[in-house]
Structure formats: C-alpha cells, structure tokens
Trainee: 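Structure in structure tokens, see below.
Atom set for the values below is all heavy atoms of this structure, side chains included, hydrogens, waters and symmetry mates excluded.
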Amino acid sequence: SGYFSSPFWSHRVIQASVSEPSIRHGIIAIAALHRHFSLGQFTHPTLSNPSSYLFARRQNTIAIGHLHQIMAAGTQQLDITLISCILFTIFDSFIGNYKEAMIHLRSGLDILNEMKNIDGSKRAIAAEWFNEFYPILMRLGVQSMIFLDPRCDDDRTALWLELKSVVPVRNIESFRSLEEAQHQLFALGAEIIYERNATSEVS
C-alpha cells in the first residue's frame with residue numbers, strides 16, 4: 001500500500017469484494033500468502049507449506065476465472081478489471097512469478113490508457129478512476145523493475161514506455177497531501193529511469 005494509508009485498500013477493495021467474486025477470491029489468495037510470510041516462514045510456500053501455497057493458487061485461479069466470465073459476458077467494469085489486475089500482479093509478485101506479474105501490470109496500464117480516451121457521460125467517472133488507480137500501478141511498476149531479470153531488456157523497455165505514457169503531464173508546485181507528493185515522486189522516478197534506459201540503448 002506504500003508508506004501511508006490508502007483508501008484503495010481500506011475502502012475500495014473491501015467494498016468491491018462483497019459483490020465481485022473475482023476480487024473476493026483474489027484478496028483471499030493474497031491473504032493466504034501474507035499469513036504464510038507473517039508467521040515468519042520466509043521461504044517460498046512451495047517448499048515450507050505446500051498446502052497453503054496450493055490453497056492460495058486455487059483461490060487466485062478462481063478469481064481469474066470469474067474475471068474471464070465477466071469479460072466474456074461483456075459486462076465488465078473498468079474499475080473492477082483494474083482492481084483485479086492489481087491483485088493478480090501482487091499475487092504473482094509474492095510467489096516470485098515476476099514475468100506473469102508484469103503481464104497483469106501491463107494489462108492494467110492498457111486499461112488506464114483506454115480511460116484517458118473515454119468521452120461523453122462517462123468521461124468524469126473515468127477521470128476519477130484514472131486519478132485513483134494510476135499511482136498504484138505506477139508504484140507496482142517501479143517496484144517490478146527491481147525484481148525483473150536484467151536480461152529482459154525488451155520487457156523492461158516496454159514497461160517503461162507504458163509507465164511513461166500514463167503519467168499525467170503536469171507541473172506541481174505544491175502538494176495537498178503526502179500521498180500526492182509520493183505519487184509524484186514515483187512518476188519522476190519512472191521518467192528518470194526511462195530516460196536513462198533510452199539513452200543507454202542509443203549509445
């Protein structure tokens with residue numbers, strides 16, 4: 001959740017889990033892994049507690065299945081899909097499956113770009129969702145690069161390009177909260193690392 005409390009976890013996810021099975025099973029899967037590590041079992045779940053790991057994997061698979069059902073029915077909401085992408089990214093990061101986590105992360109970034117192009121009556125709510133979700137995906141993107149295999153230069157470059165594309169272009173001279181300052185710091189970090197990566201490719 002970052003360094004400060006987040007309404008995403010304290011309100012958005014909990015409320016959505018009541019009515020959306022994909023989110024409910026997604027947070028159960030993460031909770032199972034979190035309990036494993038919080039008990040001081042710092043080895044991979046497959047080695048120290050296979051049953052706990054299998055339970056978490058099963059819950060995550062169920063969550064993905066429910067999301068696919070929503071998408072197949074053509075009734076998916078962008079905010080629900082984004083929350084699911086975030087949960088799936090976190091789950092795969094927990095178990096060390098960083099390549100798969102990046103796939104979910106990039107799917108979320110694609111949805112954010114889609115939100116920027118929504119017009120008409122849904123434009124206002126899409127803008128609200130964008131402002132809520134882009135800092136979370138930005139943090140996950142920056143954190144993912146720490147663990148991504150350095151040999152995956154193409155994947156790394158593609159991720160930075162997508163992170164760069166969703167950062168709102170704005171010059172902020174003051175911040176209304178510490179969280180807003182933190183979000184801008186991550187955005188600047190993504191910008192700097194992208195520019196360094198692009199420069200090294202040219203040279």
Side-chain angles (χ1 to χ4, degrees), residues 1-2 6-38 44-46 49-115 126 129-130 132-149 152 155-156 158-163 165-166 183 186 190:
S1 63
S6 169
F8 174 77
W9 293 109
S10 59
H11 296 92
R12 168 71 77 171
V13 174
I14 299 300
Q15 290 177 355
S17 69
V18 175
S19 58
E20 298 294 337
S22 64
I23 296 176
R24 182 163 58 252
H25 289 282
I27 61 176
I28 291 173
I30 292 174
L33 291 180
H34 180 267
R35 177 170 174 77
H36 169 84
F37 290 111
S38 66
H44 197 281
T46 53
N49 195 340
S51 61
S52 172
Y53 173 73
L54 290 175
F55 172 78
R57 284 300 296 259
R58 186 162 55 250
Q59 291 295 315
N60 193 62
T61 300
I62 293 172
I64 293 174
H66 279 292
L67 182 61
H68 284 169
Q69 289 177 11
I70 295 174
M71 297 177 71
T75 59
Q76 89 266 26
Q77 296 177 326
L78 293 181
D79 60 333
I80 299 302
T81 307
L82 266 175
I83 294 172
S84 298
C85 284
I86 291 170
L87 296 179
F88 300 154
T89 300
I90 292 171
F91 180 86
D92 281 314
S93 297
F94 249 143
I95 63 175
N97 191 1
Y98 302 115
K99 291 279 286 186
E100 193 67 26
M102 192 168 65
I103 292 174
H104 295 305
L105 176 62
R106 292 178 65 183
S107 295
L109 292 172
D110 288 341
I111 295 173
L112 280 183
N113 275 320
E114 185 179 336
M115 283 181 172
W129 286 343
F130 181 90
E132 177 183 358
F133 289 115
Y134 100 81
I136 299 169
L137 288 167
M138 180 63 61
R139 286 203 302 266
L140 287 174
V142 173
Q143 292 166 6
S144 294
M145 296 304 294
I146 297 173
F147 298 102
L148 188 63
D149 190 334
C152 302
D155 293 334
R156 189 184 297 269
L159 177 58
W160 283 127
L161 281 170
E162 293 183 48
L163 285 173
S165 70
V166 301
H183 298 161
F186 273 106

Trainee: Under 30°, 30 to 60°, or over 60°: which ring-plane class applies to Phe8 and Phe133, parallel, tilted or perpendicular?
Mentor: perpendicular
Trainee: Just verifying a value: how many Å separate Gln15 CD and Ile83 CD1, rounded to the nearest 0.5 Å?
Mentor: 9.5 Å
Trainee: How long is the gap from CE on Met71 to OG1 on Thr81, to the nearest 0.5 Å?
Mentor: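 Atom-to-atom, Met71:CE and Thr81:OG1 are 6.0 Å apart.
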Trainee: Which residues pass the salt bridge (charged side-chain N to carboxylate O under 4.0 Å, His left out) test with Asp92, not counting sequence neighbours?
Mentor: none
Trainee: Measure the shortest side-chain to side-chain distance between Met115 and Leu78 over non-hydrogen atoms and say whether it is less than 4.5 angstrom.
Mentor: yes
Trainee: Out of curiosity, Thr61 OG1 to Gln59 CD, how far, rounded to the nearest 0.5 Å?
Mentor: 9.0 Å
Trainee: Looking only at heavy atoms, which two atoms of Ile30 and Ile90 are closest? And how far apart?
Mentor: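 Ile30 and Ile90 have their closest heavy atoms at CD1-CG2, 3.9 Å.
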Trainee: Output the distance between atom OG (Ser107) and atom CD1 (Ile111), rounded to the nearest 0.5 Å.
Mentor: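 Separation between the atoms: 7.0 Å.
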Trainee: When you compare the side chain of Ile64 with that of Ser22, does any pair of heavy atoms fall below 4.5 Å?
Mentor: no
Trainee: So, for Gly108 and Cys85, which heavy atoms are closest and what is the spacing to 0.1 Å?
Mentor: N-SG, 3.9 Å
Trainee: Do Glu100 and Thr89 have side-chain heavy atoms sitting under 4.5 Å apart?
Mentor: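 Counting from C-beta outward, Glu100 and Thr89 never come under 4.5 Å.
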Trainee: Do you know which two heavy atoms are closest between Ser93 and Tyr98, and how far apart they sit?
Mentor: O-CE2, 3.5 Å
Trainee: Going by heavy atoms in the side chains, are Ile70 and Glu20 under 4.5 Å from each other?
Mentor: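 Ile70 reaches Glu20 side chain to side chain.
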Trainee: Which residues pass the side-chain hydrogen bond (donor to acceptor under 3.5 Å, both in side chains) test with Asp110, sequence neighbours left out?
Mentor: none
Trainee: Calculate, to the nearest 0.5 Å, the distance between atoms CG and CG belonging to Leu137 and Leu109 respectively.
Mentor: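 Between Leu137 CG and Leu109 CG, I get 5.5 Å after rounding to 0.5 Å.
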Trainee: Would you say Phe88 and Ile103 make side-chain contact, with heavy atoms under 4.5 Å?
Mentor: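 No, too far: nothing below the 4.5 Å cut-off.
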Trainee: To the closest 0.5 Å, what do you measure between CG (Leu112) and CG (Leu82)?
Mentor: 5.0 Å
Trainee: Partners of Glu132 by salt bridge (charged side-chain N to carboxylate O under 4.0 Å, His left out), sequence neighbours excluded?
Mentor: Arg12
